[in-house]
Protein chains: 2
Amino acid sequence: MHDPLANLAGYLLRRASNAALAELNARLAPLELRHADVALLMLVAAAPAISQSQAGRVLDIQRANMVSFVGRLEERSLLRRRPLDRRSQALELTGRGRRLLARARQVVAAHEQALRGRVPESLRPAVLPILAALWQGAAPQRRRPRRSAA
Amino acid sequence: MHDPLANLAGYLLRRASNAALAELNARLAPLELRHADVALLMLVAAAPAISQSQAGRVLDIQRANMVSFVGRLEERSLLRRRPLDRRSQALELTGRGRRLLARARQVVAAHEQALRGRVPESLRPAVLPILAALWQGAAPQRRRPRRSAA
DNA sequence: TATTGTTATACTCTATAACTATA
DNA sequence: TATAGTTATAGAGTATAACAATA
């Protein structure tokens, strides 16, 4: 059936995002990575010795949730925690992490290529500016309100 | 810090979508609705007597997950299940559901307005076509691959 | 006093398998 | 034989509170 919500930007944004995420995860599956893993590896590569909390702030991941997230990648020897002072942990890629990231970057590039290919050529220059504007224009969000049984 | 992933369409898509969703949920909180609730109510309003499974297919929600989802809205007397045959359930809005949906539509309209307002005017006509292209061009997705402990 | 990393915990969302009844 | 609705269950993602150690 025709989707009656297809004229809502918010709805399309969610559907497009979900589809793209699912596709990227499928592409990354052979590397046993998920999109969030690659985001963190790319961030650490771009900002060596960034602290765990800082990385969480950039990627919008709670401090508490960074622990097991980073821990899993550390167990796989993809990144390392190094004490920055006696409180903060600096994150850095291992050799193995760098090599896997190099492969992941190719997957991401192919995925980006596929995304761009879906957009009519005349509209392509508008893709990044529009998405950036939609994101950056957003009000900093309070946390998710609980569902209450009404 | 400057986000080194900000030139990736997939990343921007996810961040923009998350920000928009969080904002919409915050706007809907006074009505004790979440974005998915409104999507279902709007769908049922546009396609009266759509079956529970059909609605799930349109919204990309598993049959199994529709049960408690619809159940919760039914408990709140926002929609009703009516037997279509002895197997399928037709969904229809109650009067209360229609009234609440009318209010929700205003919230959604304000939210859509806010989204559009974030985009430079010259790019606005490209917003819906780009998002629709990114979504509709996506390959139908197999389900999410499991994370394996590597 | 504020921040970092951490543990514990809980809720939402989503996925799969299996079952019954029905088309 | 395929589909609708359902139950049960599990996993991923994400939220909060609280704590100790440190800046």
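Source: prediction; values computed, not measured. Every heavy atom of this structure was used, including side-chain atoms; hydrogens, water molecules and symmetry mates were not.
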Whole-Å gap separating [atom2] ([N]) and [atom1] ([X]):
{"X": "A:Leu59", "N": "D:dG13", "atom1": "CG", "atom2": "C1'", "value": "14 Å"}
{"X": "B:Asn18", "N": "C:dC13", "atom1": "CG", "atom2": "P", "value": "13 Å"}
{"X": "A:Asp60", "N": "D:dA15", "atom1": "CG", "atom2": "C1'", "value": "12 Å"}
{"X": "B:Phe69", "N": "D:dT6", "atom1": "CZ", "atom2": "C1'", "value": "17 Å"}
{"X": "B:Met66", "N": "C:dT16", "atom1": "CE", "atom2": "P", "value": "17 Å"}
{"X": "B:Ile61", "N": "D:dA4", "atom1": "CD1", "atom2": "C1'", "value": "16 Å"}
{"X": "B:Glu32", "N": "C:dT12", "atom1": "CD", "atom2": "C1'", "value": "16 Å"}
{"X": "B:Gln62", "N": "C:dA18", "atom1": "CD", "atom2": "P", "value": "16 Å"}

| said: Strictly distance-based, threshold 3.5 Å: is any side-chain N or O of B:Thr94 a donor or acceptor partner for the main-chain N or O of B:Leu78? | reply: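 The answer is yes, because a donor-acceptor pair under 3.5 Å joins these two groups.
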
Any side-chain N or O of [X] under 4.0 Å from OP1/OP2 of [N]?
{"X": "B:Ser53", "N": "D:dT3", "answer": "no"}
{"X": "A:Arg57", "N": "C:dT4", "answer": "yes"}
{"X": "A:Gln54", "N": "C:dT3", "answer": "no"}
{"X": "A:Arg81", "N": "C:dT6", "answer": "yes"}
{"X": "A:Arg63", "N": "D:dT16", "answer": "no"}

| said: I need the full list of side chain to side chain donor-acceptor pair (under 3.5 Å) pairs touching residues 113-137 of chain B, with sequence neighbours left out, sorted by first then second residue. | reply: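 Of all non-adjacent pairs touching residues 113-137 of chain B, those that pass side chain to side chain donor-acceptor pair (under 3.5 Å) are B:Glu23-B:Arg118.
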
| Within residues 82-91 of chain A, residues whose heavy atoms come under 4.0 Å of DNA chain D |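 Output list: A:Asp85, A:Arg86, A:Arg87.
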
| field | Nearest-0.5 Å distance that lies between atom NE2 in B:His35 and atom CG in B:Asn25 | value |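 These two atoms lie 5.0 Å from each other.
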
| field | Whichever of B:Ala64 and A:Asn65 has its nearest DNA chain C nucleotide further upstream toward 5' | value |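 The residue whose closest nucleotide sits nearer the 5' end is A:Asn65.
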
For residues 5-15 of chain A, run the donor-acceptor check on the side chains, cut-off 3.5 Å, and write out each pair with its distance to 0.1 Å, sequence neighbours left out.
unit_1  : atom_1 : unit_2  : atom_2 : d
A:Tyr11 : OH     : A:Asp3  : OD2    : 2.7
A:Tyr11 : OH     : A:Arg15 : NH1    : 2.7
A:Arg15 : NH1    : B:Val58 : O      : 3.0

| field | Residue pairs fulfilling salt bridge (Lys or Arg N to Asp or Glu O under 4.0 Å) with at least one residue in residues 78-87 of chain B, sequence neighbours excluded | value |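 Those involving residues 78-87 of chain B are B:Glu74-B:Arg81, B:Arg80-B:Glu92, B:Arg82-B:Glu92.
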
| field | Any residue meeting side-chain contact (heavy atoms from CB on, under 4.5 Å) with A:Arg103, in chain and number order, not counting sequence neighbours | value |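 Expected list: A:Leu31, A:Leu100.
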
| said: My understanding is that only residues two or more places apart in sequence, or in another chain, count here; which of them pass side-chain contact (heavy atoms from CB on, under 4.5 Å) with A:Ala55? | reply: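 If we apply the side-chain contact (heavy atoms from CB on, under 4.5 Å) test to A:Ala55, skipping adjacent residues, the hits are A:Leu40, A:Leu43, A:Ile50, A:Met66, A:Leu91.
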
